[in-house]
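Structure, as structure tokens:
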Amino acid sequence: MNDTHPTADNATADPGLRELRRQLDTVSSRDFGRLLGRWRGLSRRADEGKLAALRADIERSVARRRARAAAKPPIRLDESLPISARGEDIVRLIREHQVVVIAGETGSGKTTQLPKLCLAAGRGEAGMIGCTQPRRLAARSVARRVAEELGTPLGDLVGFQVRFNDQVSERSLVKFMTDGILLAETQGDPWLSAYDTLIIDEAHERSLNIDFLLGYLKRLALKRPGLKIIVTSATIDTARFAEHFGGAPVVEVEGRAYPVELRWRPVDARPRDGMQQGSAEHIAAVLDEISHDDPRGDVLVFLPGEREIRDAHQLLSRRQYRETEIMPLYARLSAGDQDRVFKPGVKRRVVLATNVAETSLTVPRIRYVIDTGTARVKRYSQRSQLERLHVEPISQAAADQRKGRCGRVGPGVCYRLYDEADFSGRAAFTDPELLRSSLANVILRMLALKLGEVDEFPFLEAPDPRVVADGFRRLTEISAIDDARKLTPIGHTLARLPIDVQLARMLVEGEKLQAMRELLTIVSFLSIQDPRERPGDARQQADAAHAAFADPKSDFVGVLNLWRAYHDAHEELTQSKLRDWCSRHFLSFMRMREWRELHRQLLLVVQELGWKLDVSSAAQNEAQNARFAPPPASRGRLGGGEAFCDVAQNQKRTPPQPSPASRGGSESGAGQLYESVHRALLAGLPTQVGRKDEKGAYLGTRERKFQMFPGSALAKAPPNWVFSAQILDVGGRVWGMMNARVEPLWIEQQAAHLLRTSCRDAHWSKKRGCVVAYEQVSLFGLVLVEKRPVTFQQQDPALAHAIFLREALVRGDIESRADFVRANQRVLEEALGIEAKQRREGLIRHEDDLVSFFEGKLPGEIASSRALDAWYRKARPAEQAALRWSLDDVLVGGAALDAKAFPAALDMDVRVPRAQDAQERPLDMDV
DNA sequence: AGGGTTTTTT
């Protein structure tokens, strides 16, 4: 059975063609689409030669599929696992339905046995059985186990693929992978044609990847009737998955867990003054109770984070429980310390853990769970456009998952440090990640895959339209999409880079600014988990070790320093020496390797894109040797004075680009490189900037306030202007985590498309010979430039001309070669003399009248001395003469000879726009 | 003056 496209059954009269169409249903899924296309073409227009070729290709594909079927090993289920009892039902349901939901707790055996049941149901022949896992470690270890059970070497009939590691062969019937890999494959093969069956495991975790995949698969299922989909989940919320796929059957398989007794232990049940619910004291009190009943059973305590773990660790250690080890467990813990948890000794153990122990890691031998009922949860706040990391009460589902962690070796007891009413008031399920995240990445991927309107995509739960709009806005901010919300060339490039869009955007800019090498290093660092370790008993040593690489101006330069040192160590040292090197510098060996591998992966993509690392190999050598110089204190316009020459360029709203000076070599080369690197960073996160206020806090865009994170190398001497790669609200305090000193000019240049500019105080400048104004430039409320002189001509030519007439020509405040200007002033002086002699005020005409004298006598675009001179030189004598004042022109009637000639005109209020108007009315120019 | 949950990607 294979995919049959709805429009494919236009029956042809030709029996040969019809027979060939039937055969198409028995080809390999990978070839089906292409072969069907060729068949369609031939059924429209016959061609004997092509028909023969198609027949041959179809036969080859059918043969490949037969070979796969023949290679199937005998299938034996592990009868000790609960799922095996339901094997026949499951096989039948897979045969009869396109989508099946399997609900089973840990220990049910679903992950390892389901692929085998699929094989038994005839799957894996047309294409592979693809099994996804949320974590790389799980994908690999489950693959190993299933390969073993099927008696095949790993990578042969059973393979796996995770990032950096691909062990799948042509012969593979079953492929384990992370859900991220499957999602990534949609880009190269939208039909996912390598598979005839997909198993999405642990769907209840509802990660971004899983939610996106489930939406994608819902649509794909309609287009590929031959594709089978199995969704597995813990026994929670299975109805939602079944409903999502139009009423798929649900099979419930019991787990193999032991019963767990629940005991509620809120603070008020054990009155003690000042004891906070879930605090270290509270935990200690419950641990006392456990120890009293059973001093031997291992205990797993769930806490929200490292700090709480540290506090509890201190308090519990002081209490000196008999024959007991207290040990922390969290993701940032060094590999060695984590390993200790998995090798229990003779002593009783109390493991203080974060959420890692909820899903990612399984702590062995646990008999008791103490659940504080809280966790730190990351949420993207669309309103403040900020990531928040706050302690929140966990959902009922998460609490039950924690409870289950003590029922694996025998009956367990779970102590909840809250009461039942609290529990029943909680959310049933943890919010899916999709509803807690910025959607820029999801939307970019949807655009790249041409999935149509975001609000029509069949998500299990649709995201808030405001968050969708925010995602689009973020993509606009980095120029990934245009006004029509279509991908720009930049956007297409971002979609090809397997990292966060904003980080990918930095790479794109790094290429443009010729700082690819540095950006690859920084961006890959920002994509991995921080490799720096800070063990509780050696925090100062660790800080000192890390400080060796730090740069006082930029944490990113610090990253480059670290990379260089690590790179050298990697070249010179053996594997085990490198391990030593890492631990000496308090660096996680694994994560450093991850960094290197991601760097290499990005390097390959970048080479595919045809990007060059450097301008030339010469520049490359110099750049490598160049030390990073601090940004120059003042450059160009920032220095004032000669700055003015840049102004004209600024009018076009394209701030000056950096000089094309080579990046390497000289001192200025290093400064140039610093600038290029940080401007590239700004391009990815153009709004993550701030200016220091009097109190040392930073004022950022959108009225956002943040503080320099104390762990940043810049914390000792915070610069005036800062770029921060991550601004995080941690329990109400907002920190800029990784920072660098930048120039406001760089921000202006990289955020040119987001700026708001207003012009004020337009006036004539004799010195510069043109009309100027003061420009204020701001980025979402953050003023980047307070008061910068700019030529006013382009802003408002008519107003500039009017100001020119009044302030330059009428007042004579201009240096010009045009002789009429000085002549006019002499006339004016003469008139003033007459006024003085007659001792009468108001003999001289109102300035407005003098201005209107000039109106229409010279071209309206003239607003500078240069323009005036150029025109005047070529003007006809009559035109020149018309600009000269006589006493009549300057004096009120009666004072001059022919009073009758213009009586009334004198009193008329001829108004022209006046300079003050410009002062009163700033010109808003949205860009 | 002062410190962070977890996972994943062509």
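Not measured: the values here are computed from a predicted model. Each chain gets a letter, A, B and so on, in the order the sequences are listed, and its residues count up from 1. FYI, side chains are in, hydrogens and waters are out, and symmetry mates aren't considered; it's all heavy atoms of this structure.
As rounded to whole Å, 19 Å separates atom P of B/dG4 from atom CZ of A/Arg379. Going from atom CG of A/Leu444 over to atom P of B/dT8 covers 22 Å, rounded to whole Å. Counting to the nearest Å, the P atom of B/dT8 and the CG atom of A/Leu497 are 20 Å from each other. Atom CG in A/Leu434 sits roughly 22 Å away from atom P in B/dT6 (whole-Å rounding). Counting to the nearest Å, the P atom of B/dG4 and the CG atom of A/Leu728 are 9 Å from each other. Atoms CG (A/Leu598) and C1' (B/dT7) sit 15 Å apart, rounded to a whole Å. Atom-to-atom, CD of A/Glu185 to P of B/dT8 comes out at 17 Å; the value is rounded to the nearest Å. Atom CD of A/Glu306 is separated from atom C1' of B/dT6 by 12 Å (rounded to the nearest Å).
Side-chain atoms of A/Arg436 come within 3.5 Å of backbone atoms of A/Lys378 as a donor-acceptor pair (strictly under, hydrogens ignored). The backbone N or O of A/Ser384 lies less than 3.5 Å from a partner atom in the side chain of A/Ser381, making a donor-acceptor pair.
Taking the six-membered ring where the residue is Trp, the centroids of A/Phe556 and A/Phe723 are separated by under 6.0 Å. A ring-centre distance under 6.0 Å is found for A/His585 and A/Phe549.
Under a cutoff of 6.0 Å and an axis angle of 45°, A/Lys692 and A/Trp721 do not form a cation-pi pair.
Closest to the side chain of A/Ala331, out of B/dT6, B/dT9, B/dT8, is B/dT6. In the set B/dT9, B/dT7, B/dG4, the nucleotide with an atom closest to the side chain of A/Met737 is B/dG4. Here B/dT7 is the nucleotide among B/dT7, B/dT9, B/dG4 with the atom lying nearest to any side-chain atom of A/Glu433.
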* Please assess A/Thr111 against A/Asp201 for the test side chain to side chain donor-acceptor pair (under 3.5 Å), listing each intermediate value before the final yes or no. => CA-CA 7 Å; A/Thr111 304; A/Asp201 207 359; 2.6 Å; yes
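At B/dT9, none of the side-chain N or O atoms of A/Arg445 fall inside 4.0 Å of OP1 or OP2 (strictly under the cut-off). Distances shorter than 4.0 Å separate some side-chain N or O of A/Thr354 from OP1 or OP2 on B/dT6. Here A/Thr178 reaches the OP1 or OP2 of B/dT9: one of its side-chain N or O atoms lies under 4.0 Å away.
Near DNA chain B, defined here as any heavy-atom distance below 4.0 Å, the residues from residues 384-403 of chain A are A/Leu389, listed numerically.
At a threshold of 4.0 Å, the pair A/Asp431-A/Arg379 counts as salt-bridged, since one of the basic side-chain nitrogens sits closer than that to a carboxylate oxygen.
The residue among A/Arg496 and A/Leu329 whose nearest nucleotide of DNA chain B is located toward the 5' end is A/Leu329.
For A/His546, the side-chain hydrogen bond (donor to acceptor under 3.5 Å, both in side chains) test picks out no residue, with sequence neighbours left out.
In this structure, A/Asp500 reaches the bases: a heavy-atom distance under 4.0 Å links it to at least one base atom across the strands shown. Residue-level contact check: A/Arg532 touches neither bases nor backbone, having no heavy atom under 4.0 Å from any strand. Base engagement by A/Gln529 is indicated by at least one non-hydrogen atom pair under 4.0 Å involving a base atom. A/Ser207 comes within 4.0 angstrom of no nucleic acid atom, judged by non-hydrogen atoms across all strands. The residue A/Gly305 sits close only to the backbone: its heavy atoms come under 4.0 Å of sugar-phosphate atoms, none of a base.
Note: A/Trp735 and A/Phe709 have perpendicular aromatic rings, judged against thresholds of 30 and 60 degrees for the angle between ring planes.
A donor-acceptor pair shorter than 3.5 Å cannot be found between the side chains of A/Tyr380 and A/Glu433.
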Pairs under 3.5 angstrom, nitrogen or oxygen only, protein versus nucleotides 1-3 of chain B, please.
| residue | atom | partner | partner atom | Å |
| --- | --- | --- | --- | --- |
| B/dG2 | N2 | A/Pro710 | O | 2.6 |

